[in-house]
Amino acid sequence: MAGLLRSDSIPEVGEDAAATVSMAETLSEEERDELRKELAKVEEEIQTLSQVLAAKEKHLAEIKRKLGINSLQELKQNITKSWQDVTSTTAYKRTSETLSQAGQKASAAFSSVGSVITKKFEDVRNSPTFKSFEEKVENFKSKVGGSKPAGGDFGEVLNSAANASATETIAEQTEDETH
């Protein structure tokens, strides 16, 4: 155990091999024997721990098999746990709250845009240009369709004009066939 407490530097991967050799040369024979014994002991402990770990993993797999837990279920549990961990973080809660507020503001903005568009359509319909156009359509309707009172909506006017035009075409075809 005295070797574990030593403050000698241990060469890292990629360090100069010459530095390692020179350190080995400065050790006494007694220190080398002690280090070899310690090395053997640590390697044996690592081997034992590896065997214990393998036995524990085998036992774990057997317990899971008996419980009916398979890899897919484990994955689902891990994902669920991870999601719960994520959603419980402060960052997630703040982000969720911010996105919720942004959604509410966007919804209010779209509602406002809809109101503005509706208002603009009303303004166009009440504009002098549209009124003039509407009057011209009404005049056309009275000339083509007869003596219906003015005031029908634009769709009715167009349908009436189309029907009157179709009626005139049929009358002309009938007249041509009789001559």
* **Point-to-point distance, once rounded to the nearest 0.5 Å, from CG of Leu27 to CD of Glu34** => 10.5 Å

* **Inter- and intrachain pairs under side-chain hydrogen bond (donor to acceptor under 3.5 Å, both in side chains), touching residues 49-60, at least two apart** => none

* **Residue pairs fulfilling side-chain hydrogen bond (donor to acceptor under 3.5 Å, both in side chains) with at least one residue in residues 102-117, sequence neighbours excluded** => none

* **Other ILVMFWY residues reachable from Ile117 by side-chain steps of under 4.5 Å** => Val113, Phe121

* By side-chain contact (heavy atoms from CB on, under 4.5 Å), which residues pair with Thr118, not counting sequence neighbours? -> Glu122

* Structure fact -> With sequence neighbours left out, the residues meeting side-chain contact (heavy atoms from CB on, under 4.5 Å) with Arg94 are Thr90

* **All side-chain contact (heavy atoms from CB on, under 4.5 Å) counterparts of Thr95, not counting sequence neighbours** => Leu99

List the atom pairs, with distances to 0.1 Å, where a side-chain N or O of residues 60-74 and a protein N or O form a donor-acceptor pair under 3.5 Å, not counting sequence neighbours.
unit_1	atom_1	unit_2	atom_2	d
Glu62	OE2	Arg65	NH2	2.5
Lys64	NZ	Glu74	OE1	3.1
Lys64	NZ	Glu74	OE2	2.4
Asn70	OD1	Leu72	N	3.1
Asn70	OD1	Gln73	N	2.8
Gln73	OE1	Asn70	N	3.1

* Structure fact -> So the side-chain hydrogen bond (donor to acceptor under 3.5 Å, both in side chains) pairs with at least one residue in residues 75-85 (sequence neighbours excluded) are Lys81-Asp85

* **With Asn139 via side-chain contact (heavy atoms from CB on, under 4.5 Å) - residues at least two apart** => none

* When Ile, Leu, Val, Met, Phe, Trp and Tyr are grouped by side-chain heavy atoms lying under 4.5 Å apart, directly or through other members, which residues fall in the same group as Leu75? -> Ile79

* Structure fact -> The reported gap from CD in Glu138 to NZ in Lys131 (rounded to nearest 0.5 angstrom) is 10.5 Å

